Amino acid sequence: MDVAVFWILAVLAVISGAMVFRFDSMARATFSLLTSLLCVGGLVVLLGLDYLGIVIVLMMTIEMAIMAVFMVMYMMNPAGLMPMTMMHNKRGAAVVCGLVFLLLAAGILFAPWPARRGKASADPTMELGMSLMGPQMLTMMTLGMALFATIVATVVLATRRGRYDRLGDDLRAQRADDPVRGGVGR
């Protein structure tokens with residue numbers, strides 16, 4: 001079962017990754033890239049690194065959503081759906097990509113991979129965290145929470161009014177004080 005899921009995710013990741021360069025709109029290319037990266041996250045989960053796989057899925061989903069928002073805001077092309085070319089020097093790019101792929105594939109096939117010594121760890125996520133951050137794991141976790149709190153506080157402070165301000169402090173206003181006509185309660 002796991003082997004079949006692995007191959008399905010692997011093939012889907014490669015196909016959707018290749019489709020990024022075939023689509024002629026930024027929005028379609030973005031969602032194709034998201035599909036590819038979600039499949040990679042699934043592959044990482046299948047390899048037993050659940051935490052890292054979930055982080056990849058969450059990070060890529062949020063990053064692609066932000067990218068889609070910026071495409072809608074800043075592109076002359078509405079929502080990035082109108083046809084456009086996203087590559088210049090297609091032949092040169094194809095040659096470079098082919099050569100890099102061949103070089104990486106040769107490295108995988110001909111590298112002298114070391115044999116495994118010892119048993120696999122019972123908790124690979126903890127081992128990965130310790131090898132990446134060592135004794136600074138608690139510091140990084142604390143820093144992550146501090147950054148999250150900073151983001152939430154910034155969003156709260158940036159909004160001029162709260163969610164319930166339009167109905168008054170005691171939420172008993174008969175009519176909502178909406179800045180735009182047609183709001184709820186009219």
Side-chain angles (χ1 to χ4, degrees), residues 1-72 79-81 86-87 90-152:
M1 177 68 177
D2 284 347
V3 174
V5 172
F6 174 85
W7 282 108
I8 289 170
L9 287 175
V11 168
L12 188 59
V14 170
I15 290 172
S16 57
M19 291 306 293
V20 169
F21 300 101
R22 299 295 303 156
F23 286 130
D24 62 352
S25 79
M26 294 285 284
R28 290 181 186 99
T30 298
F31 289 116
S32 181
L33 182 59
L34 175 60
T35 302
S36 179
L37 294 171
L38 290 177
C39 290
V40 169
L43 290 170
V44 172
V45 169
L46 275 178
L47 292 173
L49 298 171
D50 298 338
Y51 177 76
L52 190 59
I54 298 301
V55 166
I56 290 171
V57 167
L58 291 175
M59 186 176 72
M60 289 301 120
T61 303
I62 292 167
E63 186 247 330
M64 292 296 162
I66 291 170
M67 190 165 86
V69 168
F70 276 89
M71 278 192 303
V72 170
L81 290 173
M86 294 187 298
M87 292 192 322
K90 290 183 181 183
R91 285 188 192 191
V95 169
V96 169
C97 288
L99 290 174
V100 169
F101 175 78
L102 290 174
L103 181 68
L104 292 173
I108 291 169
L109 295 174
F110 298 118
W113 295 99
R116 171 176 279 212
R117 287 182 244 148
K119 294 188 333 183
S121 173
D123 188 3
T125 303
M126 182 67 173
E127 289 296 320
L128 177 66
M130 289 305 290
S131 63
L132 288 175
M133 292 181 249
Q136 301 302 321
M137 178 89 94
L138 182 61
T139 306
M140 295 305 287
M141 290 171 63
T142 306
L143 181 63
M145 292 307 293
L147 287 172
F148 178 70
T150 303
I151 292 170
V152 170

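None of these values were measured; they are calculated from a predicted model. In what follows, residues are counted from 1 in the order of the sequence shown. These values consider heavy atoms only, across backbone and side chains, with no hydrogens, waters or symmetry-generated copies.
- How far CE of Met141 is from CG of Leu143: 12.0 Å, rounded to the nearest 0.5 Å.
- A distance of 11.0 Å separates OG1 of Thr61 from CD1 of Ile56, quoted to the nearest 0.5 Å.
- The distance from atom CD1 of Ile66 to atom OG1 of Thr30, rounded to the nearest 0.5 Å, is 12.5 Å.
- Of the residues Val14, Ile15, Ile8, Leu9, the one that meets the side chain to side chain contact (heavy atoms under 4.5 Å, CB included) test with Val11 is Ile15.
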With a cut-off of 3.5 Å and sequence neighbours excluded, list every side-chain donor-acceptor pair involving residues 33-55.
| residue | atom | partner | partner atom | Å |
| --- | --- | --- | --- | --- |
| Thr35 | OG1 | Phe31 | O | 2.9 |
| Ser36 | OG | Ala13 | O | 2.9 |

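- What you find for Ala120 and Arg116 is that their closest heavy atoms are CB-NH1, 3.1 Å.
- At distances below 3.5 Å, not a single donor-acceptor pair connects side-chain atoms of Ser32 with backbone N or O atoms of Arg28.
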Practice task
Determine, step by step, whether Asp123 and Glu127 satisfy the side-chain contact (heavy atoms from CB on, under 4.5 Å) criterion, reporting the C-alpha distance in whole Å, the side-chain angles of both residues, the deciding distance to 0.1 Å, and the verdict.
Solution key: CA-CA 6 Å; Asp123 188 3; Glu127 289 296 320; 5.8 Å; no
